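Let me begin by presenting the structure, written as C-alpha cells, before commenting on it.
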Amino acid sequence: MTVLLENNMVLLAGIILLAGLGYKGRALSKSGAIGTCVIGILIAAGFKGYGLLLIGIFFITSSLWSRYKKKSKASVDEILEKGSQRDIFQVFANGMVPALFSLAYLLVPSEVWMVGFITAIAAANADTWASEIGTLSKKDPISILTLKRVSRGTSGAISLLGTIASVAGAGLIAASASLFWTEVSLTTAFLITLLGILGCFVDTVLGAFIQATYRCSFCGRTVESPLHCGKPAELVKGFRAVNNDVVNIGSILMVALFGVLLAA
C-alpha cells in the first residue's frame with residue numbers, strides 16, 4: 001500500500017511538473033496547464049507511467065515544433081483562431097480521447113483499449129506535426145476542395161512536407177509504444193502508424209468541409225476566428241459550432257474507435 005501511494009505521488013508530481021514547465025515555457029495558458037493536469041491524472045489512472053510517457057512525448061515534441069522558427073509562422077498565426085499557447089479546450093481536444101480510453105482500461109482491462117489509446121495519441125501527434133512543420137514548406141499547400149494553392153495555415157489543405165511530418169509523428173508514437181508495452185507488436189505498431197496518418201487526413205477533410213471559415217470585414221483575410229481586426233467576421237464556409245478543436249477531437253475519436261474495432 002505504501003509503495004502504491006509513493007508511486008502515485010511520483011506520477012502526480014510528474015504531471016504537475018510537466019504542466020508547470022509548459023506554462024512557464026508559454027506552451028500552455030493557465031487554463032491549458034490545468035487541463036494538462038486533469039488529462040494527465042486520467043491517463044495515469046489507467047496506463048500509469050507508460051501512458052504518461054507517451055502523452056508526454058506528444059506534448060513535448062509538439063511544443064518544440066510549435067516554437068521552431070516561430071517568426072516564420074507569424075503570417076499563419078493571423079489565420080488561426082488560437083495561437084501556439086494551448087488553452088484548456090485545445091488540451092482536451094487532443095487529450096480527452098486518450099484519457100477516456102485510459103478510464104475504459106481501468107474499468108475493463110483489455111488490449112483493445114490500449115490500441116485505442118495509442119492510436120488517439122498517434123493521430124494527435126501526426127496532425128500537430130503536420131500543422132507545425134507543414135507551414136514551413138517553401139510552397140503553399142493545396143486545398144483538397146479546389147485543388148489550388150492556398151495560404152499556409154488554411155484548414156483543409158495539404159503539403160508534401162506536412163504529409164511527411166504526419167508520417168513521422170504517427171510513427172514516433174507507435175514506435176515508442178512498442179518499446180513501452182510488449183503487447184504492441186511490430187505489426188500493431190505499423191497499423192497504429194497508418195491509423196495515425198489516416199487521422200491526420202480525416203482532420204484535413206473535416207477542416208475542408210465543415211470547419212467554420214470566416215472573412216474579415218476589415219482586412220479581407222480568410223481566417224478561422226469569428227472576430228478579426230476587432231470586428232465580427234463573415235462566415236463563408238462550414239458551421240459556426242465547428243472550430244479547430246471540434247475537428248481535432250472528432251478526427252481523433254473516429255480513427256481511435258476504428259483501431260479498437262480492428263483490434264477487437
Side-chain angles (χ1 to χ4, degrees), residues 39 42-43 46-47 50-59 61-62 65 90-105 108-134 144 155-211 244-264:
I39 294 298
L42 293 177
I43 288 175
F47 292 112
Y50 286 157
L52 289 180
L53 281 174
L54 204 62
I55 197 72
I57 290 172
F58 158 68
F59 175 73
T61 58
S62 298
W65 281 122
Q90 290 168 295
V91 171
F92 281 179
N94 288 291
M96 185 53 70
V97 175
L100 291 176
F101 279 112
S102 178
L103 290 179
Y105 184 83
V108 185
S110 172
E111 287 184 23
V112 298
W113 306 129
M114 180 184 296
V115 172
F117 172 78
I118 301 167
T119 300
I121 300 178
N125 206 46
D127 179 60
T128 304
W129 280 35
S131 299
E132 296 295 346
I133 300 174
I144 64 171
S155 295
I158 60 174
S159 67
L160 177 60
L161 182 60
T163 301
I164 294 172
S166 72
V167 175
L172 174 65
I173 296 301
S176 300
S178 68
L179 294 176
F180 297 158
W181 289 288
T182 56
E183 298 92 335
V184 181
S185 64
L186 290 179
T187 301
T188 302
F190 180 71
L191 173 64
I192 290 171
T193 300
L194 293 180
L195 289 172
I197 299 167
L198 175 63
C200 183
F201 279 101
V202 170
D203 186 282
T204 301
V205 172
L206 294 179
F209 286 94
I210 67 172
Q211 182 175 336
N244 187 250
D245 294 337
V246 174
V247 167
N248 282 345
I249 198 168
S251 60
I252 292 170
L253 180 60
M254 276 190 263
V255 295
L257 289 175
F258 188 41
V260 167
L261 290 175
L262 290 178

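Keep in mind that what you see is a predicted model, and the values were worked out from it rather than measured.
To the nearest 0.5 Å, atoms CZ (F190) and CG (L195) are separated by 10.5 Å. Once rounded to the nearest 0.5 Å, the distance linking CD1 of I39 with CG of N94 reads 9.5 Å. Atom CH2 of W181 and atom OG of S176 lie 9.5 Å apart (nearest 0.5 Å). I173 contributes atom CD1, which lies 11.0 Å from atom OG1 of T119 (distance to the nearest 0.5 angstrom). Summarising the geometry, atom CD1 belonging to I57 is positioned 8.5 Å from atom CG belonging to N125; distances are rounded to the nearest 0.5 Å. The distance from the CZ atom of F59 to the CD1 atom of I121 is 13.5 Å, given to the nearest 0.5 Å.
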Item to check | Check against side-chain contact (heavy atoms from CB on, under 4.5 Å), M254 and L206 | outcome: CA-CA 11 Å; M254 276 190 263; L206 294 179; 3.6 Å; yes
Checklist entry - Given V97 and I249, is the side-chain contact (heavy atoms from CB on, under 4.5 Å) satisfied, shown in steps? => result CA-CA 7 Å; V97 175; I249 198 168; 3.9 Å; yes
Next on the checklist: Evaluate F117 against V260 for side-chain contact (heavy atoms from CB on, under 4.5 Å), listing each step before the verdict.
Outcome noted: CA-CA 9 Å; F117 172 78; V260 167; over 6 Å; no
Checklist entry - Would F58 and L172 satisfy side-chain contact (heavy atoms from CB on, under 4.5 Å), going step by step from the backbone distance to the final call? => result CA-CA 9 Å; F58 158 68; L172 174 65; over 6 Å; no
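Using a 4.5 Å heavy-atom threshold, the side chains of L198 and L194 count as separate. Between W129 and S166 the shortest side-chain heavy-atom distance does not fall below 4.5 Å.
Residues passing the side chain to side chain donor-acceptor pair (under 3.5 Å) test with T193, sequence neighbours excluded: none.
For the pair A123 and I252, the tightest heavy-atom approach, listed with the atom from each and the gap, is CB-CG1, 4.3 Å. Contact record, G259 with V115: O-CG1, 3.7 Å, taken as the closest heavy-atom pair. Nearest heavy atoms, V184 versus A189: CG1-N, 4.1 Å. Shown here for G196 and A126, the closest heavy-atom pair between the two residues is O-CB, 3.5 Å.
In this structure, Y105 has its ring center closer than 6.0 angstrom to the ring center of F47.
The main-chain N or O of I43 is found under 3.5 Å from a side-chain atom of S102 such that the two form a donor-acceptor pair. Under a 3.5 Å cut-off, the side chain of D203 and the backbone N or O of D127 do not form any donor-acceptor pair. In this structure, the side chain of S178 engages the main chain of A175 through a donor-acceptor pair within 3.5 Å.
In the displayed structure, W113 atom CH2 is contacted under 6.0 Å by at most 12 heavy atoms of other residues, nucleotides or ligands. Heavy atoms from other residues, nucleotides or ligands lying under 6.0 Å from CZ of F180 number more than 12.
Counted by atom type alone, S185 and T188 present one or more donor-acceptor pairs between their side chains at under 3.5 Å.
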